[in-house]
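One structure is given here, and the rest of the page talks about it.
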Amino acid sequence: METGTSGTIAAILGEPLPVELMNTVRGGRGEVRDALDTDESVLAWLNAMAERILAESGAHTIAFSLHDARAVADDLRALRDALRCLAAETTDDPRPPTSGTTHTQAVATINTLARIRAELVWPVSEEPTRTVTARGSQARLTVGLIARQAVDFFGGPHRHQLRACLASHCVLYFVKEHPRREWCTPKCGNRARVKRHYDRQTVSDS
């Protein structure tokens, strides 16, 4: 997990990058906290994702600065809100929305930000590789890469594996790759089981 300067913690669950970005809000008792609320927390999240971005972009090196984070902060938050809007629709999420983004706005935002170009890199007598490029900084490339992956995710069959974690006070999403998985983390599973036990005891005692 990664902590921003405001103290809000972004959950890092090893999910696909679009889902990791969806999960940069955290639930609480009666409130939702934004883990990308400052330039410093945006930089912290980018750094937490750096190895993933490096591997999935095909770049040789990667580095982010506070200036980079500041330049993409609004787009990253807009992309996050767009992803959560479509995730809520896909999963029939009964939880209150965390932003006012509409379906049409969400689709338009993702398509606008998904402007990266894939290139084949194949030196003579070496193995071919794939890399992606975008105008601007590597932080800008990160936004474009996540948006492009969101196009593939929501436009393909994997969207049917997306789930909302319905544990008490949780607002996260996860990809259900194992048939027995019900929660985003074991902690949420334990909390849900405790609540069910408490509810059963309350009913039996009444």
Side-chain angles (χ1 to χ4, degrees), residues 1-5 8-26 34-84 86-87 90 109-110 113-121 127-159 161-163 165 171-178 181 183-187:
M1 294 186 177
E2 191 71 33
T3 306
T5 56
T8 303
I9 299 174
I12 307 298
L13 303 181
E15 298 289 345
L17 286 172
V19 182
E20 295 285 10
L21 183 56
M22 292 176 202
N23 290 342
T24 56
V25 294
R26 297 305 308 274
D34 185 354
L36 301 179
D37 58 344
T38 67
D39 296 336
E40 290 79 8
S41 60
V42 170
L43 178 60
W45 189 80
L46 289 171
N47 284 330
M49 295 289 105
E51 288 189 11
R52 293 274 304 277
I53 298 301
L54 188 65
E56 296 181 34
S57 68
H60 294 294
T61 61
I62 196 161
F64 303 110
S65 69
L66 186 59
H67 174 77
D68 295 331
R70 185 176 298 116
V72 302
D74 287 343
D75 282 348
L76 200 60
R77 287 188 285 263
L79 179 57
R80 187 264 314 278
D81 292 346
L83 294 172
R84 289 188 64 87
L86 298 184
T90 299
T109 295
I110 291 171
L113 295 176
R115 292 180 178 173
I116 61 173
R117 185 178 67 181
E119 295 181 346
L120 177 66
V121 179
E127 288 296 308
T129 59
R130 172 185 174 275
T131 186
V132 294
T133 61
R135 288 185 178 181
S137 66
Q138 287 181 314
R140 181 63 58 192
L141 171 64
T142 297
V143 174
L145 179 65
I146 296 173
R148 179 56 183 269
Q149 289 187 358
V151 171
D152 295 336
F153 182 83
F154 284 112
H158 290 302
R159 74 179 182 277
Q161 294 177 285
L162 187 65
R163 298 289 187 273
C165 181
V171 295
L172 304 188
Y173 292 93
F174 64 95
V175 176
K176 186 181 176 72
E177 294 182 334
H178 190 284
R181 186 178 180 187
W183 319 103
C184 66
T185 64
K187 181 178 179 180

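Positions are given from 1 along the sequence. Everything quoted here is computed from the prediction, not taken from an experiment. Heavy atoms only: backbone and side chains are in, while hydrogens, waters and symmetry mates are out.
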Nearest 0.5 Å please: distance from the [atom1] atom of [X] over to the [atom2] atom of [Y].
| X | Y | atom1 | atom2 | value |
| --- | --- | --- | --- | --- |
| Thr185 | Phe174 | OG1 | CZ | 9.5 Å |
| Asp81 | Leu76 | CG | CG | 10.0 Å |
| Leu83 | Phe153 | CG | CZ | 9.5 Å |
| Thr24 | Asp37 | OG1 | CG | 10.0 Å |
| Ile146 | Met22 | CD1 | CE | 10.5 Å |

**OP:** Determine, stepwise, if the pair Met49 / Leu17 fulfils side chain to side chain contact (heavy atoms under 4.5 Å, CB included).
**Re:** CA-CA 8 Å; Met49 295 289 105; Leu17 286 172; 3.7 Å; yes
Original post:
Backbone N or O of Leu13 within a donor-acceptor pair of the Asn23 side chain at under 3.5 Å?
Top reply: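 Not at all, since once roles are kept as given, no pair shorter than 3.5 Å links the two residues.
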Original post:
Do the side chain of Arg163 and the main chain of Trp183 share a donor and acceptor less than 3.5 angstrom apart?
Top reply: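 Side chain of Arg163 to backbone of Trp183: no pair is present.
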Original post:
What residues form a side chain to side chain donor-acceptor pair (under 3.5 Å) with His158, not counting sequence neighbours?
Top reply: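 His158: side chain to side chain donor-acceptor pair (under 3.5 Å) contacts with Gln161.
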Subject >> Partner set under side chain to side chain donor-acceptor pair (under 3.5 Å) for Ser65, not counting sequence neighbours >> reply: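 Listed in chain order: Asp68.
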Subject >> Residues Arg26, Asp34; criterion salt bridge (Lys or Arg N to Asp or Glu O under 4.0 Å); working and verdict >> reply: CA-CA 7 Å; Arg26 297 305 308 274; Asp34 185 354; over 6 Å; no
**OP:** Write out all pairs satisfying salt bridge (Lys or Arg N to Asp or Glu O under 4.0 Å) with one or both partners inside residues 52-66, taking only residues at least two apart or from two chains.
**Re:**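 Of all non-adjacent pairs touching residues 52-66, those that pass salt bridge (Lys or Arg N to Asp or Glu O under 4.0 Å) are Glu20-Arg52, Arg52-Glu56.
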If the condition is salt bridge (charged side-chain N to carboxylate O under 4.0 Å, His left out), which residues does [X] pass it with, not counting sequence neighbours?
| X | result |
| --- | --- |
| Arg181 | Glu15 |
| Asp75 | Arg140 |
| Arg84 | none |

If the condition is side-chain contact (heavy atoms from CB on, under 4.5 Å), which residues does [X] pass it with, not counting sequence neighbours?
| X | answer |
| --- | --- |
| Ala73 | Asp39, Val42, Arg77 |
| Arg148 | Ala114, Ile116, Asp152 |
| Thr131 | Glu119, Val121 |
| Leu54 | Ala59, Ile62 |

Original post:
Side-chain donor-acceptor pair under 3.5 Å between Arg159 and Thr90, yes or no?
Top reply: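 Absent: no donor and acceptor within the cut-off.
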